Amino acid sequence: MQRLVSVLRQDGVDKELIHLVNVLGTACKEINFRLHQGALAGVLGSTQDENVQGEVQKKLDVIANTLLKDLLLQSGLVKALASEEEDDIVIGNKDGDFLVSFDPLDGSSNIDINAMVGTIFSVYRADDSLVIDESSFLRPGREQVAAGYVIYGPATLMVLTTGQGVRMYTLDQTIGEYLMTEPQVQVPADTQEFAINMSNQRHWAKPMQDYIDDLLKGAEGPRGKNFNMRWVAAMVADVHRILCRGGLFTYPWDRRAPEKAGKLRLMYEANPMALLIEQAGGAASTGTERILDIQPEQIHQRVAVVLGAANEVDMVEQYYRHQ
Ligand code: AHG
Ligand code: MN
Ligand code: MN
Ligand code: MN
């Protein structure tokens, strides 16, 4: 099996970006190690601190964030970085080639129940302006030069796109190398498997309510009546399932968020996942616009997310169009 760096070279990826992916992969190997120590290393449970999202930070949120931040800044490759766990952007090397946004640990509520979590990252090429501030990051997701995640499950995998499709790499823990195990990920256009947190149903806008009601009634359509539901409470795991066997994932906007936002964050959750899904032949929308076309307004901006099987996303968008 081919090593990650060798595949990236073969894909013609420039050496700086290969170096950056390697740094991300190395940080995630350390996160993987800490996660798998679990209670033995006293890394479970919460801290006393709240992040800018208003969430109580888990110890591993902070450990993962520190590992990624330190390694990325030490690499000299990063002009600045943004993280779910950092209030503001962190300035790096003024000559750095990249802007990196990341969710150091996605699905934190799963840590203490030994369920799936992951690290999500999004990479833009830095322009050569001397001024670097939050606005430098605020570019549509379509401009990402790389996006991916590392999912820490029974196996640890890196799933990555550099704009030439999506490939999966399994971490060989004996040699510490990511080996390509899936060269070309494809998301089927139709599906019978849906991921949605039904407990929020009372808050949804009417279009999503109508769509789910029709689904549950087994409304005719490409999916027939074989509706089946999964909800891992870690976006990275729900998206990974979709990249492995298809499906639809949605965290829709609801009445609690008047600005038509959902829970998920655009820069380091929705955008990187949307690029992966689109590169694998799926679709990613807020219900009313494609995620990769959104002009971001701030680094912790939240959006609604409906992604996966292209025909299903189209159907959801029809419900929003005809509301
Ligand atoms: P994070 O752990 O990085 O804060 O993200 C959690 C997100 C996402 O991973 C998941 O799909 C969603 O929260 C789950 O939300 P609910 O707990 O409301 O189901
Ligand atoms: Mn969080
Ligand atoms: Mn997350
Ligand atoms: Mn997180």
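Everything numeric in this text was worked out from a predicted model, so none of it was measured. Numbering of ligands and ligand atoms starts at 1, following listing order.
- When each atom of ligand 1 is checked for a heavy atom of Asp103 under 4.0 Å away, the hits are 3 (O).
- Closest approach of Ile291 and Ala274 over heavy atoms only: CG2-CB, 3.7 Å.
- The nearest N, O or S atom of Ile120 is not closer to the Mn ion (ligand 4) than 2.8 Å.
- Ion pairing between Arg241 and Glu193 holds under the 4.0 Å rule for side-chain N and carboxylate O.
- For ligand 1, the polar-atom distance check against Ser109 finds no nitrogen or oxygen pair separated by under 3.5 Å.
- For Gln74 (side chain) and Leu71 (main-chain N/O), no donor-acceptor pair under 3.5 Å exists by modelled atom type.
- Salt-bridge annotation for Asp314 and Arg290: present, with a side-chain N of the basic residue lying under 4.0 Å from a carboxylate O of the acidic one.
- Looking at Glu269 and Arg302, no side-chain N of the basic residue comes within less than 4.0 Å of a carboxylate O on the acidic one, giving no salt bridge.
- By heavy-atom distance, the residue among Arg265, Gln53, Lys263, Met273 lying nearest atom 1 (P) of ligand 1 is Arg265.
- Of all atoms in ligand 1, listed by their number and element, those nearer than 4.0 Å to a heavy atom of Leu105 are 2 (O), 3 (O).
- A side-chain donor from one of Ser108 and Asp61 sits under 3.5 Å from a side-chain acceptor of the other.
- Counted by atom type alone, Asn51 and Glu85 present one or more donor-acceptor pairs between their side chains at under 3.5 Å.
- Between Tyr268 and His300, the ring planes lie perpendicular to each other; the angle is over 60°, past the 30° to 60° tilted range.
- For atom 7 (C) of ligand 1, the nearest non-hydrogen atom of the protein is Leu264 CD2, 3.8 Å.
- With hydrogens and angles left out, the side-chain atoms of Asn65 and Gln57 include no donor and acceptor closer than 3.5 Å.
- Using a 4.0 Å cut-off to heavy atoms of Glu269, the atoms of ligand 1 that qualify are 3 (O), 5 (O).
- Atom OE2 is the N/O/S atom of Glu269 found closest to the Mn ion (ligand 3).
- Considering just the N/O/S atoms of Asp106, the one nearest the Mn ion (ligand 3) carries the name OD1.
- Of the protein's heavy atoms, Asp106 OD1, 3.1 Å lies nearest to atom 5 (O) of ligand 1.
- In summary, the side chains of Glu312 and Thr191 do not present any donor paired with an acceptor at a separation below 3.5 Å, with no hydrogens or angles considered.
- Ligand 1 has an N or O atom lying under 3.5 Å from an N or O atom of Trp231, backbone or side chain.
- In this structure, of Met116, Glu84, Glu55, Met235, the residue bringing a heavy atom nearest to atom 10 (C) of ligand 1 is Met235.
- When the N, O or S atoms of Asp103 are ranked by distance to the Mn ion (ligand 4), OD1 comes first.
- Residue Ser108 touches ligand 1 through backbone and side chain together, judged by heavy-atom distances below 4.0 Å.
- Hydrophobic clustering places Leu17 together with Val78 (ILVMFWY residues linked when any side-chain heavy atoms are closer than 4.5 Å, directly or through intermediates).
- Ligand 1 places these atoms under 4.0 Å from at least one heavy atom of Asn197: 16 (P), 18 (O), 19 (O).
- Of the candidates Tyr149, Tyr152, Phe249, Tyr149 is the only one forming a ring pair (Phe, Tyr, Trp, His ring centres under 6.0 Å) with His240.
- Interface of Ala233 with ligand 1, defined as ligand atoms under 4.0 Å from a residue heavy atom, comprises 10 (C), 14 (C).
- Here the N, O or S atom of Glu84 that is nearest to the Mn ion (ligand 4) is OE1.
- Between Phe249 and ligand 1, no N or O atom pair is found at a separation short of 3.5 Å.
- For the pair Ile120 and ligand 1, no heavy-atom separation below 4.0 Å is found.
- Near Ala234, with a cut-off below 4.0 Å to any heavy atom, the atoms of ligand 1 are 9 (O), 11 (O).
- Any N or O atom pair closer than 3.5 Å counts here, and Asn200 shares no such pair with ligand 1.
- Electrostatic pairing of Arg142 and Asp293 counts as a salt bridge here, judged by a charged N lying under 4.0 Å from a carboxylate O.
- Among protein heavy atoms, atom 18 (O) of ligand 1 sits closest to Tyr251 OH, 2.6 Å.
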